[in-house]
Amino acid sequence: MSTIRSGWQALQRWRRRRPFWGATLLLLSGLIILWIPAHLYEISLVPGSTVFVGFFLGGMVLLMAALSYAMPRLSTLFGIIGMFSAILSIMGALGGFLIGTILGIIGGALCIAWRPQWAETDAPLAHDEAAADKEATNVTH
C-alpha cells in the first residue's frame, strides 16, 4: 500500500510541474486528427491528394503535446504551434471531424495559460521594462 501511495504522490508531483491537461488534450487531439489520414493511406500518394497534410499536421499536434510534457518551460510556444496545427488540420484531415480541432484549441489554450506552480505570483516578468530597470538599479547599489 505504501508503494502505491508513494507512486501516486510522485505522479502528482510530476503532473503539477507540467501543463498536464493542456498536453493531454493536445495528445488526444493529435490522435483524433491522425485517425482520418490513417484510414485514407491508400490514396495518400495520389497526385493532388492532401492526405499527407493531415499526417503532417496531426503529427505536429502530437509532437507539441509530447514536447509540452518534456519541456514545460516552453509550453506557451508549444501551445501556440499545437493550436495552429490543429486549426490548419481542417484542410488535410477535416480536423478529426472538428472534434480534434476543438480539443486542439482547448489544449493549446491550456498550455499557453499554464504557469509553473513554483513561480512567485509577485515576480516580475522578464520582458517588463520597469521591472528590469528596477532590478538593474538594485544590482548597482
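- When all heavy atoms of Pro37 and Phe55 are compared, the closest pair comes out as O-CZ, 3.2 Å.
- Listed here is the closest heavy atom pair of Ser89 and Thr101: OG-OG1, 3.8 Å.
- Relative ring orientation between Trp14 and Phe20 is described as perpendicular, the plane-to-plane angle rising above 60° on a 0-90° scale split at 30° and 60°.
- Val61 belongs to a hydrophobic cluster whose other members, connected by ILVMFWY side-chain contacts under 4.5 Å either directly or through intermediates, are Leu26, Ile33.
- Between the side chain of Ser75 and the main chain of Cys111, a donor-acceptor pair closer than 3.5 Å is present.
- Considering CH2 of Trp21 and CD1 of Ile106, their distance stands at 13.5 Å, rounded to 0.5 Å.
- Side-chain heavy atoms closer than 4.5 Å link hydrophobic residues (I, L, V, M, F, W, Y) into clusters, and following such links, even through other members, never connects Val53 to Leu98.
- How far CD1 of Ile36 is from CG of Leu94: 5.0 Å, rounded to the nearest 0.5 Å.
- Residues satisfying the side chain to side chain contact (heavy atoms under 4.5 Å, CB included) criterion with Ile32, sequence neighbours excluded, are Leu28, Ile99, Leu103.
- Clustering ILVMFWY residues whenever any of their side-chain heavy atoms sit less than 4.5 angstrom apart, transitively, puts Phe78 in the very cluster that holds Met60.
- Among all heavy-atom pairs drawn from Ile112 and Met83, the shortest one is CD1-CE, 3.7 Å.
- Both Leu77 and Leu57 sit in one connected hydrophobic cluster of ILVMFWY residues. Membership requires side-chain heavy atoms under 4.5 Å apart, directly or through other members.
- Proximity of a side-chain donor or acceptor of Ser29 to a complementary backbone N or O of Leu25 within less than 3.5 Å is not detected.
- At a threshold of 4.5 Å between side-chain heavy atoms, the hydrophobic network of Ile, Leu, Val, Met, Phe, Trp and Tyr places Leu110 and Ile80 in two separate groups.
- At a threshold of 4.5 Å between side-chain heavy atoms, the hydrophobic network of Ile, Leu, Val, Met, Phe, Trp and Tyr places Leu34 and Phe84 in two separate groups.
- Atoms CG and CG, from Leu27 and Leu63 in turn, are 11.5 Å apart once rounded to the nearest 0.5 Å.
- When all heavy atoms of Gly82 and Met64 are compared, the closest pair comes out as N-CG, 3.7 Å.
- In this structure a side-chain-to-backbone donor-acceptor pair under 3.5 Å is present from Arg18 to Tyr69.
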